[in-house]
> 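Pasting a structure here, questions to come.
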Amino acid sequence: MAKFLTNKDDNYAQWYNDLVIKADLAENSVVRGCMVIKPYGYAIWEKIQAELDKLFKATGHVNAYFPLFIPKSFFSKEAAHVEGFAKECAVVTHYRLKLSEKGEIVVDETAKLDEELIVRPTSETIIWNSYKNWIQSYRDLPILINQWANVVRWEMRTRLFLRTTEFLWQEGHTAHATREEAEEETRKMINVYASFAENFMAIPVIKGYKSENERFAGALDTYAIEALMQDGKALQAGTSHFLGQNFAKAFDVQFTDKNGKLDYVWATSWGVSTRLMGALIMAHADNNGLIIPPKLAPLQVVIVPIYKGDGQLEGMAKAAMKIKEGLEARGITVKFDDRDTHKPGFKFAEYELKGVPVRIAIGPRDLENNTIEVARRDTLSKETIPADSVFEHIPKLLTDIQNNILSKAIQFKKENTYHVDNWKDFISRLDDTGGFIMAHWDGTAETEAKIKEETKATIRCIPFDSPEEAGKCIYSGKPSKRRVLFARSY
RNA sequence: CGGGGUGUGGCGCAGUUGGUAGCGCGCUACGUUCGGGACGUAGAGGCCGGAAGUUCGAGUCUUCUCACCCCGACCA
């Protein structure tokens, strides 16, 4: 089985690449570093989008859209921000092409832009330039806007979904009258991400603060959710930034408060990207292919008929359509695959590869006995049930699968989270198993950098819930008050 | 930008001392199959990344060029 996939245990990276391609999620485009998201992959992204969008709306946010292009001058208004992104920006310098004497299409040098445009790597600057005009009074606040967009960061090395030059994401940008309110928003959104990861993606995460080094360019504080992949590496799955008054000051966004006093506006921004697709794959999939949690599966149930030529299909189609309609009425997405160009075995393998949570097979024996065969993707187990019980059974089964995938992931995270108290163990733990490593750190950037240099492990976050505990830094031996989360990461 | 590698049907590859291109998968047609990726038969499909050179003759040798991939420095 799964003879088309590289074995996950032999070569995890290759297994991932194979899976993305073979499951028809995405492919590399002719444009270096950019991907083509294929319909099946995009369907999963649309599910992610739809659920997140509901959560954003439920927390009071609205959607809007800001330009792809950002004037270079805007970009340089916030010092830390420029520094963070300058090295990976695509720049538009001209607006016209022409035919050369040789008949080639060339840039028309006479059509040079007065001010160059940056292709957005993120939208803080262009958005705050607008907010400046929108905000005069505390009555105009808060502004709670999200946008779904593409952004471009010119990366050296890319991998489908995990890091691509262009990627899709959402970015929330909010403006508040008080520091407390902005901080609360920052915290609220990281919690939204965390609960989305857990409840929909079935991925448990660790929420925490980023160290100063890992912080977003221009933020006073960055919160992140970190997820553990099956190869023991961490993946940052979402971030929420408390931007303080940095962007308000850079773009001169002031408002009059209730007391008639002028003050700068407080800001947050937060985002998740198509990288979540990578997380979804690497958290759950196995050597047979994807395992998609039912809540995000574009196709939740597939019905495969097993028939020999001569009119056998008819009876099955009738039974299948009845099941399909009944399940759809219960809000379940169902496909009846009656293609006669592929054999059942081929279809079984294909839907496993694509991670469809539940497969129903109906064959001649089932018709005779009024049964169906139900197979679940997460455990690969099969059972034959009375056809009449399908409408009670399948919804329960989907819930069960969602829960099982999550508890498996929780178990995995638990088993691969280690408390380490000295340098030797730290290194051997990283090399032997990887995983989340909770260890003491002296809180200095120098130590953090040294650890990264020597081990490639970074501080993923300082967990919100990590208890006060006296200890010694694993690297410097200096005193430390709490453990932080270390890991090698994507 | 350093270090390594690869360019040959749609995809993955082979191609000997230079002699005019082949295999697997996929594709098309027909037939037999159909409870875990079926089989047979017959087909279609290639300026061998590009340019120049050596030679009677270049996928193969030489030079130049272009593109892509992998490993590092940067990153959601």
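Here is how names work: the chains are called A, B, and so on, in the same order as the sequence lines, proteins then strands, and each is numbered from 1.
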> Who does B/A42 pair with, Watson-Crick or G-U, both distances under 3.5 Å?
B/U28
> NA contact type, A/T239, heavy-atom cut-off 4.0 Å: base, sugar-phosphate, or nothing?
nothing
> Starting at atom CD of A/E124, determine the distance to atom P of B/A76, rounded to an integer number of angstrom.
12 Å
> For nucleotides B/A21 and B/G59, find the distance between their P atoms and express it as a whole number of Å.
9 Å
> If you check every side-chain atom of A/K382, which of B/G36, B/C68, B/G35 has the closest atom?
B/G36
> Do A/S269 and A/E124 get their side chains close enough for a donor-acceptor pair, meaning under 3.5 Å?
yes
> Does A/N369 reach the main-chain N or O of A/R365 with its side chain, forming a donor-acceptor pair under 3.5 Å?
yes
> Under 3.5 Å for both donor-acceptor distances, Watson-Crick or wobble: does B/A73 have a partner, and if so which one?
none
> Using atom CE of A/M156 as one end and atom C1' of B/G3 as the other, report the distance to the nearest whole Å.
16 Å
> Expressed in angstrom and rounded to an integer, what is the separation of A/H342 atom NE2 from B/G36 atom C1'?
15 Å
> Expressed as a whole number of Å, how far does the P atom of B/G45 sit from that of B/G35?
34 Å
> Just name whichever nucleotide pairs with B/A67, Watson-Crick or G-U, keeping both distances under 3.5 Å, else none.
B/U6
> Which part of the nucleic acid does A/L235 contact within heavy-atom distance under 4.0 Å: base, sugar-phosphate only, or nothing?
nothing
> Taking atom C1' in both B/G9 and B/C47, compute the distance separating them and give it to the nearest angstrom.
13 Å
> Say we look at B/A14 and B/G5: how far apart would their P atoms be, to the nearest angstrom?
16 Å
> Which listed nucleotide (B/A76, B/G36, B/C34) is nearest to the side chain of A/K308?
B/C34
> Whole Å only: how far is the CG atom of A/N17 from the P atom of B/C11?
18 Å
> Tell me whether the centres of the aromatic rings in A/H81 and A/W128 are closer together than 6.0 Å.
no
> Please report, rounded to the nearest Å, how far the P atom of B/U33 is from the CG atom of A/L313.
17 Å
> Which nucleotide in the list B/C68, B/C34, B/A76 gets nearest to the side chain of A/T164?
B/A76
> Once you round it to whole Å, what is the distance between P of B/G10 and CG of A/N28?
19 Å
> Do the ring centers of A/W266 and A/F247 come within less than 6.0 Å of each other?
no
> So what's B/C61 paired with, Watson-Crick or G-U wobble, going by both distances under 3.5 Å?
B/G53
> Answer with base, sugar-phosphate or nothing: what part of the nucleic acid does A/D340 contact at a heavy-atom distance below 4.0 Å?
nothing
> For the side chain of A/K456, starting at C-beta, report the closest nucleotide among B/A73, B/G36, B/G37.
B/A73
> Looking at B/G36, B/G35, B/A76, which one has an atom nearest to any side-chain atom of A/R359?
B/G36
> Look at the side chain of A/E88 and decide which nucleotide, out of B/C74, B/G35, B/G36, has an atom nearest to it.
B/C74
> Students often get this wrong, so: under 4.0 angstrom with heavy atoms, is A/F167 touching a base, only sugar-phosphate, or nothing?
base
> Rounding to an integer number of Å, can you tell me how far A/M229 CE sits from B/A76 C1'?
13 Å
> Would A/E448 and A/S211 count as having a side-chain donor-acceptor pair, cut-off 3.5 Å?
yes
> Taking the nucleotide of RNA chain B with the nearest heavy atom to each, does A/A375 or A/G33 sit closer to the 5' end?
A/A375
> Would you mind telling me which of B/C74, B/C34, B/A76 lies closest to the side-chain atoms of A/K87?
B/C74
> Using a cut-off of less than 4.0 Å, is there contact between a side-chain N or O of A/K343 and OP1 or OP2 of B/A38?
yes
> I'd like the C1' distance from B/U16 over to B/G72, given in whole Å.
38 Å
> Provide, to the nearest angstrom, the distance between the CG atom belonging to A/L162 and the P atom belonging to B/C74.
18 Å
> Looking at A/F242 versus A/Y223, is the centre-to-centre ring distance below 6.0 Å?
no
> Expressed in whole Å, how much space separates the P atoms belonging to B/G46 and B/G40?
26 Å
> Measure from the side chain of A/P364, starting at C-beta and using heavy atoms only, and say which of B/G35, B/G37, B/C74 lies closest.
B/G35
> Taking the C1' atom of each, how far is B/A38 from B/A51, in whole Å?
48 Å
> Could one point to a donor on the side chain of A/E352 or the base of B/G36 with an acceptor on the other under 3.5 Å away?
yes
> Would you measure the distance from the P atom in B/U6 across to the matching atom in B/G43 and give it in whole Å?
37 Å
> Are a donor atom and an acceptor atom from the side chains of A/N150 and A/R120 found within less than 3.5 Å of each other?
yes
> Checking all strands, does A/E155 fall into the base, sugar-phosphate, or nothing category for heavy-atom contacts under 4.0 angstrom?
base
> Starting at CD1 of A/I203, measure out to NZ of A/K413 and round the result to the nearest 0.5 Å.
12.0 Å
> Let's see if you can work this out: which of B/A76, B/C68, B/C74 has an atom nearest to the side-chain heavy atoms of A/R32?
B/C68
> Under 4.0 Å, counting only non-hydrogen atoms across every strand here, what does A/T222 touch: a base, just sugar-phosphate, or nothing?
nothing
> Quick one: on RNA chain B, does A/E350 or A/K452 contact a more 5' nucleotide (nearest heavy atom)?
A/E350
